[in-house]
Number of protein chains: 2
Amino acid sequence: MSGAVTLKHIAERLNLSISTIGRALADDPQISLATRERVKAVAGELGYVAHSGARAMRSGRSTLIGLIIPDIQNEFYGTLAKALAEICANAGFQLVLGITEDDPESEERQVRGLLEARASGLVITASPRPTRETLSLLSRSTCVQLIRRTGQLEVPWFGIDEEAAIHSGTAHLIELGHRRIGYLGASTTLSTGRSRLAGFERAFTEAGLEVPREFVRLGRPRAAFAAEAFESLWTDGERPTAIVAAGARLTVGLLQAATRLGVAIPADLSVVGYGDAPWWNPNLTTISLPVRDIALACGEFLLRRIRETEPSSARSAAGQSVTFASALTPGASTRRV
Amino acid sequence: MSGAVTLKHIAERLNLSISTIGRALADDPQISLATRERVKAVAGELGYVAHSGARAMRSGRSTLIGLIIPDIQNEFYGTLAKALAEICANAGFQLVLGITEDDPESEERQVRGLLEARASGLVITASPRPTRETLSLLSRSTCVQLIRRTGQLEVPWFGIDEEAAIHSGTAHLIELGHRRIGYLGASTTLSTGRSRLAGFERAFTEAGLEVPREFVRLGRPRAAFAAEAFESLWTDGERPTAIVAAGARLTVGLLQAATRLGVAIPADLSVVGYGDAPWWNPNLTTISLPVRDIALACGEFLLRRIRETEPSSARSAAGQSVTFASALTPGASTRRV
DNA sequence: TTGTATGCGTTATCAG
DNA sequence: CTGATAACGCATACAA
């Protein structure tokens with residue numbers, strides 16, 4: 001990234017004008033084939049690399065698409081990121097990854113940086129309480145919400161029917177005869193946390209049962225929280241006979257803690273996990289999520305919006321949302337009692 | 001991102017010159033405090049967002065740092081990406097993630113895109129056989145190699161002593177009395193694949209034993225390969241009593257296959273895994289890697305280089321390399337025979 | 001303390 | 001078929 005070669009250099013070398021060089025490299029048919037080839041040869045020889053910043057300055061648009069997520073170590077977001085990166089690459093865009101760890105300041109910085117780079121689009125899984133500035137910035141961008149849904153943000157959303165997802169897992173356990181069912185979930189400051197807890201509760205009320213609130217633990221969606229919460233659940237007072245882990249990293253934490261405490265699954269405890277990580281071991285009963293489908297739909301939608309926005313800046317489809325369904329995948333971690 | 005607000009708009013609104021606005025927003029002390037505040041107020045009101053492309057065009061440098069890796073679903077790279085993103089954010093840079101899936105064409109596109117964006121630096125875990133063009137592009141950039149080491153690339157490298165890592169795991173099994181030890185590893189087209197296999201072999205020769213070549217399986221470093229390879233190892237002919245999984249995703253695949261085949265660990269089979277994923281379950285004997293340390297060292301180094309390159313474009317330290325040591329973490333997946 | 005002028009690398013318009 | 005020129009948004013050297 002030092003003394004970069006520019007169109008000017010090539011032009012001087014060939015005694016041609018800058019515009020001719022630019023057109024030749026863009027394969028403008030108005031330029032004679034011979035010239036085009038000479039230009040390309042010299043460009044290659046000199047190691048010319050276009051300057052996308054300069055290009056963006058004229059068009060007002062870049063080939064950048066931002067993905068802002070709380071946590072890349074979550075298998076779920078990892079899969080999403082991979083799928084989106086693929087889609088972007090195929091469409092000639094580059095994916096810029098921002099990781100917030102759910103910190104609103106970090107989130108604001110990431111969003112601002114992306115807008116400064118004139119990113120053509122943004123995909124965001126927002127933190128529980130984004131700053132006013134973040135919301136304002138997002139509202140003026142081509143943006144899509146992923147998974148989590150922030151009330152104050154009037155932009156399209158792609159996510160999962162979380163309520164139904166957790167409902168199905170919980171109902172499965174109730175059907176197997178479990179009553180003392182524990183719940184490890186994200187705090188209800190998150191839209192996903194609220195929906196998932198609602199699904200848990202509905203499974204009980206539908207079955208005419210009391211919701212076992214003493215077995216419900218809400219916190220940060222990280223393995224450490226789940227491990228700690230499960231330990232307290234297992235150690236203090238009456239034990240649950242089953243647990244619903246309502247999050248990918250919560251499932252990891254639960255399994256870690258169970259292993260550490262020597263809890264046999266499903267002999268001592270039935271477990272319903274969240275997501276389809278290949279390492280759920282052994283053979284977990286889990287709530288399967290169509291991660292790839294979501295990423296594809298979301299990516300395609302964003303690309304379409306970006307292309308649309310080009311001619312008419314009509315801000316349509318502002319409230320659009322797409323909900324994907326989950327499916328319960330039976331495994332060996334749940335048993336009848 | 002539509003009709004963006006520029007310095008000019010603010011200038012017109014306040015009847016000031018563009019340069020005054022620019023200086024005020026940059027907190028230039030030469031501008032009176034009163035003016036600075038008025039300018040900032042209007043900037044906020046209008047929703048001004050700086051144009052990093054234009055800025056980069058003048059400075060020749062952007063706030064982008066590229067990370068090019070084969071596979072984000074690998075826990076190992078996920079942790080690396082997270083740590084690097086953090087470091088970048090703290091230093092005012094943004095991390096641009098490129099995923100190659102070890103495809104040389106995709107890799108070339110990613111690298112080119114990053115150079116076009118005038119990324120200030122690049123961190124790359126290169127594919128087995130990068131294109132000539134990729135190598136040429138990289139050699140003209142501020143670049144650091146991560147983990148894998150490509151011979152044709154004369155740039156600094158940060159990685160692990162892979163040979164020692166696998167040697168320690170293998171020696172551990174030999175010490176426990178195992179002789180029929182299987183090896184699941186990446187193909188030797190990768191520098192890591194070569195080093196790891198060498199470590200496996202040295203453990204045997206040092207102990208005065210034959211290398212059990214019939215138990216060695218090399219392929220793509222993905223779970224699917226490991227699962228398939230282990231199945232053949234377990235099904236055809238004499239069975240190994242232990243396995244070394246020489247890669248993160250290979251460990252995942254091995255454990256999956258073992259579960260599927262009903263192989264009890266460590267009763268039927270001892271296992272040494274690679275890396276410290278929190279879901280190695282149960283309690284794997286594993287080769288622990290200082291992932292975070294590597295990322296930090298690599299990130300700091302790159303940032304230093306970027307800052308240095310600014311004034312003097314001396315291309316020093318071209319061949320520098322830093323090797324990190326691993327440690328064998330004993331678990332419950334290996335036993336004496 | 002503020003304003004003017006210039007140029008960064010491209011592309012688009014207009015002219016030859 | 002090719003060239004000259006302007007403009008994109010910003011930073012900075014130089015004036016005032």
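Order of the sequence lines fixes the chain letters, A, B, ..., with proteins taken first and strands second; residue numbering starts at 1 for each chain.
- Put simply, B:R55 has a side-chain N or O that comes within less than 4.0 Å of OP1 or OP2 on D:dA11.
- For B:S32, a side-chain nitrogen or oxygen approaches OP1 or OP2 of C:dT2 to under 4.0 Å.
- Comparing B:I31 and B:M57 by the nucleotide of DNA chain C whose heavy atom lies nearest to each, the residue mapping closer to the 5' end is B:I31.
- Backbone-only contact: B:A50 has heavy atoms under 4.0 Å from sugar-phosphate atoms and none from a base.
- Residue contacts for B:S19: at a heavy-atom cut-off of 4.0 Å it reaches a base atom on one of the strands shown.
- For the salt bridge (charged side-chain N to carboxylate O under 4.0 Å, His left out) criterion with A:R112, the lone passing option out of A:E105, A:E107, A:E133 is A:E133.
- For A:T35 and D:dT2, the shortest distance from a side-chain N or O to OP1 or OP2 is below 4.0 Å.
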Starting from the C-alpha separation in whole Å, work towards a yes-or-no answer on side-chain contact (heavy atoms from CB on, under 4.5 Å) for A:I65 and A:L303. CA-CA 9 Å; A:I65 288 185; A:L303 289 172; 3.9 Å; yes

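- Closest to the B:T6 side chain, of the nucleotides C:dG9, C:dT4, D:dC10, is D:dC10.
- Ion pairing of B:R220 with B:D71 is absent here, as no side-chain N (NZ or NE/NH1/NH2) approaches a carboxylate O to less than 4.0 Å.
- A:L16 comes within 4.0 angstrom of the backbone, heavy atoms only, and of no base.
- A:S136 and A:R140 are linked by a side-chain donor-acceptor pair at a separation below 3.5 angstrom, with hydrogens and angles left out of the test.
- For C:dG3, the OP1/OP2 oxygens have a side-chain nitrogen or oxygen of B:S17 closer than 4.0 Å.
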